[in-house]
Amino acid sequence: MSDVRLRFAPSPTGYLHVGGARTALFNWLLARKQGGKFVLRIEDTDVARSTRESVDAILQGMEWLGLDWDEGPFYQSERFPVYREFVEKLLAEGKAYKCYCTPEELEERREQAMREGRKPKYDGTCRNRTEELPDRPYTVRFKAPHEGVTAFDDLIKGRIAFNNEELDDLIIQRSDGTPTYNFVVVIDDATMGITTVIRGDDHVNNTPRQILLYEALGYPVPRFAHVPMILGADKTRLSKRHGATSVMAYRDMGFLPEAMVNYLVRLGWSHGDQEIFSRDELIEKFSIEAVGKSAGVFNPDKLLWLNHHYIKESAPERLAELLVPFLKERGVDPATGPALPPVVKTLQERSRTLVEMADGALFYYRRDFAYEEEAAARHLVPDAAPLLEALAGKLETLADFSRAGIEALFKEFIAEKGIKLGQVGPAVRVALCGGTASPGIYEVIEALGREETIARLRRAVAFIAG
RNA sequence: GGUCCCAUCGUCUAGUGGUUAGGACACCGGCCUUUCACGUCGGUAACAGGGGUUCAAGUCCCCUUGGGAUCACCA
């Protein structure tokens, strides 16, 4: 147990995307590794863009990935009084001031500054105003120092320094009385006792002004770790046009959460040459310092490979359960055919996703499937009919109806007939599965069961007969 | 444009001054095999460029180039 506290603070304006999920994962991992607390905070100060559905989608994504939180979710929209209090405090202490400049004036000065080649920052018109202007709308600005340097040691990027003259007096409260982002993050992280802030590196430029705020407020400055963003194949920010960006979309495409977690953590982080990590191993081995500094390209192929790996490793019973919705989507009720776990077992090695597995399982549950034309023409030929019929007869009386027993029967059968497996195997395969790509025929027969196997063999015989 | 960040195979990365620059995905070949896969063996493929520092530089420093982030009464 330690007093380390981390947080994930998404704004609920959409689903949980892979970038956010990775940030959440890093936070969660570090919290678990150090025996600290992981708090979840919903940044919904922008009431117009925030939705309940989005909050639910984010929570659902976190749950799917197995990222549980110890405190929260806290909602910023419920903490406005707290923020107001801190604004008043800064105002009273002279660390903030009321600014009466209108958006139009600001915009105009900004443009003029740009034209004259100066920095487009607040000119400080109201900074030293002594009298109040009642009845005029105002924003509250933080009085930032104009000199000196604000620096911090980023856990990922190393030391980063900014000259304070680059910063201007940021607005902490809008004219409608609501607080702004850079202010509430600081108040929240400070009052929630967050010790390490892990977030996307699009926030590094916000960090110095936030540090100044911590100092003005008298709170200790947390440690920062800015994680690089995730890119698409063309090296631009990952977006929908690169494919799915929602983690739940990956579940729907048949990915396992452990594959997603393993993929996400290895994108930007490594531990020697190791590629596969169990959850416990990650908690043990993860370290934020080992996260790389540069942005990384999201590689669907590698995700697929990892998913395939975890599908091969998973218990058939678990996979069977996860597979049901995919089967139903395809109009198959697994209760009407062979038991699912044995079926899954025949498909694990050749399925990279549950979608592929569901497609591969269809033939087990469809009795009147059409044979693939070319396969039927090549293998369901007159010569094969007596062999299939003989096989059906032998199978009827087979005592040991297991994979091994079935294989022994086939060996015996081809020895008797003086043929090779290649002369009857393909026909059996087409008869049973409808096509030429399938699991091994012994496994298929075992999974299908005696009765169904015989029925399919005889159906093929009838098909050959015309 | 200002500020800040980044830079090893196509991609994810190992590498903390001395390596035949390693692994993984993808790709290509061999083997295995009743199909498809799995597996296995092997192969192609990288230090952005230029200056320093050093006996020695992918590793340290500087510059260039290239990418990116950010500059709101959005988060």
Side-chain angles (χ1 to χ4, degrees), chain A residues 9-13 43-46 48-50 76 99 101-103 106-107 110 113-114 117-122 137-141 154 156-158 160-163 165-168 170-182 184-185 200-208 226 228-229 231 233 235-237 263 266-276 290 292-306 308 312 346-352 356 360 375 379 410 414 420-430 433 435-442:
Chain A
S11 54
T13 54
E43 309 217 317
D44 58 349
T45 50
D46 185 346
R49 288 202 303 155
S50 302
Q76 290 184 328
C99 172
C101 301
T102 66
L106 259 17
E107 183 56 30
R110 215 179 344 255
M114 292 284 253
R118 289 182 290 117
K119 296 183 196 4
K121 49 185 256 191
Y122 182 60
Y138 62 87
T139 60
V140 177
R141 284 183 188 271
D154 193 279
I156 293 173
K157 310 232 182 209
I160 300 178
F162 292 81
N163 285 122
E165 62 175 333
E166 300 298 337
L167 280 21
D168 59 0
L170 84 150
I171 293 176
I172 58 178
Q173 185 176 91
R174 302 182 186 96
S175 50
D176 66 358
T178 60
T180 59
Y181 170 77
N182 278 111
V184 300
V185 200
D201 70 0
D202 48 334
H203 286 289
V204 309
N205 291 291
N206 288 330
T207 307
H226 288 98
M229 63 177 193
L231 274 21
K235 305 249 191 175
T236 62
R237 190 187 201 102
Y263 178 72
R266 271 291 283 108
L267 178 53
W269 173 83
S270 62
H271 183 78
D273 285 338
Q274 189 171 346
E275 295 289 347
I276 307 292
K293 301 176 188 210
S294 50
V297 173
F298 186 86
N299 183 347
D301 277 333
K302 190 144 186 182
L303 211 208
L304 234 21
W305 174 76
L306 276 163
H308 189 22
K312 284 185 287 183
T346 69
L347 266 9
Q348 282 172 279
E349 280 187 348
R350 56 209 97 221
S351 308
R352 294 181 302 173
E356 288 183 4
H379 303 296
F410 268 77
I414 61 175
K420 295 200 168 171
L421 189 53
Q423 290 172 263
V424 63
V428 171
R429 164 168 291 104
V430 178
C433 314
T436 51
S438 82
I441 53 181
Y442 309 137

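Scope of the values below: all heavy atoms of this structure, side chains included, with no hydrogens, waters or symmetry mates. Keep in mind it's a predicted model, so treat the numbers as computed, not measured. First the proteins, then the strands, lettered A, B, ... as listed; each starts at 1.
- With B:C25, B:A14, B:G2 as the choices, the nucleotide that has an atom nearest any side-chain atom of A:Glu166 turns out to be B:G2.
- The shortest distance between the side-chain N/O atoms of A:Ser438 and the OP1/OP2 oxygens of B:C36 is not below 4.0 Å.
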Polar-atom pairs under 3.5 Å, protein N or O versus N or O of nucleotides 43-49 of chain B: list them with distances, or write none.
none

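- With hydrogens and angles ignored, a donor-acceptor pair under 3.5 angstrom links the side chain of A:Glu275 to the base of B:G23.
- Nucleotides B:U8 and B:G66 place their C1' atoms 16 Å apart, quoted to the nearest Å.
- Side-chain atoms of A:Lys302 never come within 3.5 Å of backbone atoms of A:Leu267 as a donor-acceptor pair (strictly under, hydrogens ignored).
- When the nucleotides B:C38, B:C6, B:A75 are ranked by their closest atom to the side chain of A:Lys157, B:C6 comes out on top.
- Remark: the separation of the P atoms in B:U11 and B:A48 is 12 Å, to the nearest Å.
- Across all strands, A:Ala9 comes closer than 4.0 Å to no nucleic acid atom at all (heavy-atom distances).
- Distances from the side chain of A:Lys312 to the nucleotides B:A24, B:C38, B:A75 place B:C38 closest.
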All N/O contacts under 3.5 Å from nucleotides 67-71 of chain B to the protein, with atom names and distances to one decimal?
from: B:U70; atom 1: O4'; to: A:Asn205; atom 2: ND2; distance (Å): 3.2

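- Between B:A37, B:A26, B:U13, one nucleotide has an atom nearer to the side chain of A:Glu349 than all others, and that is B:A37.
- For B:C73, the OP1/OP2 oxygens have no side-chain nitrogen or oxygen of A:Thr180 closer than 4.0 Å.
- One finds a side-chain N or O of A:Lys293 lying less than 4.0 angstrom from the OP1 or OP2 phosphate oxygen of B:C6.
- Spacing between B:U33 and B:C28 at atom P, rounded to whole Å, works out to 23 Å.
- Looking at the side chain of A:Ser175, the nearest of the listed nucleotides B:C12, B:C73, B:U35 is B:C73.
- Nucleotides B:A37 and B:C31 place their P atoms 16 Å apart, quoted to the nearest Å.
- When distances are taken from the side chain of A:Pro426 to each of B:C12, B:A75, B:U34, the shortest belongs to B:U34.
- You'll find that the side chain of A:Arg141 is closest to B:C73, out of B:U35, B:C73, B:A75.
- With A:Thr45 as reference, A:Val184 is the one residue of A:Thr180, A:Thr178, A:Val184 to meet the side-chain contact (heavy atoms from CB on, under 4.5 Å) rule.
- Side chain A:Arg350 to base B:C38: no donor-acceptor pair is found below 3.5 Å.
- With a glycosidic angle no further than 90° from 0, B:C38 counts as syn.
- Using a 4.0 Å heavy-atom distance criterion, A:Thr139 is classed as a base contact.
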Output a table of nitrogen or oxygen pairs between the protein and nucleotides 61-63 of chain B separated by less than 3.5 Å.
none

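- Counting any heavy atom pair closer than 4.0 Å across all strands shown, A:Leu267 reaches sugar-phosphate atoms only and no base atom.
- For the side chain to side chain donor-acceptor pair (under 3.5 Å) test with A:His226, the passing option among A:Asp202, A:Asp201, A:Asp154 is A:Asp154; the others fail.
- Partner of A:Tyr263 under the ring pair (Phe, Tyr, Trp, His ring centres under 6.0 Å) criterion, chosen from A:Trp269, A:Phe298, A:Trp305: A:Phe298.
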